[in-house]
Protein chains: 2
Amino acid sequence: MPTHFKGTKKEIDSLNAFIKMTRASESINNRISRSLAESCGNLTISQFGILEALLHLGPSNQKDLGAKILKTGGNITLVIDNLEKRNYVTRETDPNDRRASIVNLTKEGEEFISGYFPEHVEKIVDEFSVLTSEELKELGRLCKKVGMKENN
Amino acid sequence: MPTHFKGTKKEIDSLNAFIKMTRASESINNRISRSLAESCGNLTISQFGILEALLHLGPSNQKDLGAKILKTGGNITLVIDNLEKRNYVTRETDPNDRRASIVNLTKEGEEFISGYFPEHVEKIVDEFSVLTSEELKELGRLCKKVGMKENN
DNA sequence: CATTGTTTGTTTAATGTTAAACAAATTGTA
DNA sequence: TACAATTTGTTTAACATTAAACAAACAATG
């Protein structure tokens, strides 16, 4: 189902790449979302993203977490609020900059995310299992190249 | 900034591809969204997707439109409602299946989407301009392959 | 010091999204 | 025909997301 758009080769190829990338990404993320809701007490993909970031980056302020999961500041406030209610994270004010809150994983949050992460990885491996290992690397490389064009 | 996760090569490569694909897709779609809001009277990316589908597929029922833009039925109802308020589409009941509404582009909707589409395409071309034409095609091919794995 | 601008996080209002429950029309099967 | 199951669209409640306005802390410059 290529686009019916009549344009230059470059336009058609760009549009096709865009549509296919969007569809692939959204359908995978929809399935991951549903898994999280089912197996993890209605955990949101944003909440999961924050936990994941904290696990791998260590304590971080909300600004950095927002940049990491590509959400706006107001949204991060709510996501952290909800994670706090679950006792998965705590906030503490940065002594070096009292505007900033440093978000920390609690013991409970750390146990949850590190325990669930392998299962999450297996789901993703399964999603990409149609690609050869060369294709997988190439896909990563190409998406990185496109994603790097952040600054326009 | 590859993931700090320790796992097999396949796990790491899958996770990297997933993260990079998600980031690339979301950051591009965020920018497209913002453009639509600014230049098109707060048109939503879902609304735009529906108009685009109608332009290229012709009149379609809500079920098919939902499948096209990967949104749930209840959401399609609202999106079509909002497009109706803008006088961009109309609903008519399918004479062959009275459960179904066939959604049509109005003259106004058709003029809007076909007039704006070239500008939209240029934005996308620009987003992917960091790739060579071979890379562009390969990205499309790989995403298609991953996206086809719909049925699990 | 005072002022000005920036950064960080919060709040609010408007809207989008989903899942679940539902009604109506259709289809299949006995 | 009658009955059950499916399909299509709608409604509702709960929640996520954003942009905009805001307050507090910081930084820079006079």
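Each chain gets a letter, A, B and so on, in the order its sequence line appears, and its residues count up from 1. Here the structure is a predicted model, which means the values were calculated and not measured.
DNA chain C is contacted by both A:Ser101 and B:Arg98; A:Ser101 maps to the nucleotide lying nearer its 5′ end (nearest heavy atom per residue).
Here B:Arg34 pairs with B:Asn30, B:Glu38 under the side chain to side chain contact (heavy atoms under 4.5 Å, CB included) rule; sequence neighbours left out.
Nucleic acid contact for A:Thr77: base, since at least one base atom lies under 4.0 Å from a heavy atom of the residue.
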Do any N or O atoms of the protein come closer than 3.5 Å to N or O atoms of nucleotides 14-21 of chain D, and which pairs are they?
| unit_1 | atom_1 | unit_2 | atom_2 | d |
| --- | --- | --- | --- | --- |
| D:dA16 | OP1 | A:Thr44 | OG1 | 3.1 |
| D:dA16 | OP2 | A:Asn82 | ND2 | 3.2 |
| D:dT17 | OP1 | A:Ser46 | OG | 3.0 |
| D:dT17 | OP2 | A:Ser46 | OG | 3.1 |
| D:dT17 | OP2 | A:Asn75 | OD1 | 3.4 |
| D:dT17 | OP2 | A:Asn75 | ND2 | 3.2 |
| D:dT18 | OP2 | A:Thr72 | N | 3.2 |
| D:dT18 | OP2 | A:Thr72 | OG1 | 3.2 |

Protein N or O to nucleotides 3-7 of chain D N or O, pairs below 3.5 Å:
| unit_1 | atom_1 | unit_2 | atom_2 | d |
| --- | --- | --- | --- | --- |
| D:dT7 | O4' | B:Arg99 | NH1 | 3.3 |
| D:dT7 | O2 | B:Arg99 | NH1 | 2.9 |

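Here C:dT7 presents its P atom at 19 Å from CG of A:Asn96, a figure rounded to the nearest Å. C:dT8 atom P lies 12 Å from atom CG of A:Leu65, rounded to whole Å. Atom CD1 of B:Ile80 and atom C1' of D:dT8 are 13 Å apart (whole Å). The distance between atom CD1 of A:Ile102 and atom P of C:dT8, rounded to the nearest whole Å, is 13 Å. Atom CG in A:Asp94 sits about 15 Å away from atom C1' in D:dA24, given to the nearest Å. Atom P of nucleotide C:dT10 and atom CG of A:Asp81 are separated by 7 Å, given to the nearest angstrom. Atom NZ of B:Lys85 is separated from atom P of C:dT15 by 9 Å (rounded to the nearest Å). Rounded to whole Å, atom C1' of C:dA24 lies 14 Å from atom CD of B:Gln62.
Using a 4.5 Å cut-off between side-chain heavy atoms of Ile, Leu, Val, Met, Phe, Trp and Tyr, with links allowed through other members, A:Ile124 and A:Ile50 fall into the same hydrophobic cluster.
No donor-acceptor distance shorter than 3.5 angstrom exists from the side chain of A:Ser101 to the backbone of A:Glu92, with no hydrogens or angles considered. Side-chain atoms of A:Ser27 come within 3.5 Å of backbone N or O of A:Ala24 as a donor-acceptor pair.
Crowding of B:Lys63 atom NZ: a count of heavy atoms from other residues, nucleotides or ligands under 6.0 Å not exceeding 12.
Of the candidates B:Ile76, B:Leu65, B:Val79, B:Leu78, B:Lys71 forms a side-chain contact (heavy atoms from CB on, under 4.5 Å) with just one, namely B:Ile76. Screening B:Glu135, B:Glu138, B:Glu127 for a salt bridge (charged side-chain N to carboxylate O under 4.0 Å, His left out) involving A:Lys145 leaves a single residue, B:Glu135.
OP1 or OP2 of C:dT10 has at least one side-chain nitrogen or oxygen of A:Arg91 nearer than 4.0 Å.
The two residues B:Glu26 and A:Leu70 make their nearest non-hydrogen contact at CB-CD1, 3.9 Å.
A salt bridge is absent between A:Lys68 and A:Asp64: the closest approach of a Lys/Arg side-chain nitrogen to an acidic carboxylate oxygen does not fall below 4.0 angstrom.
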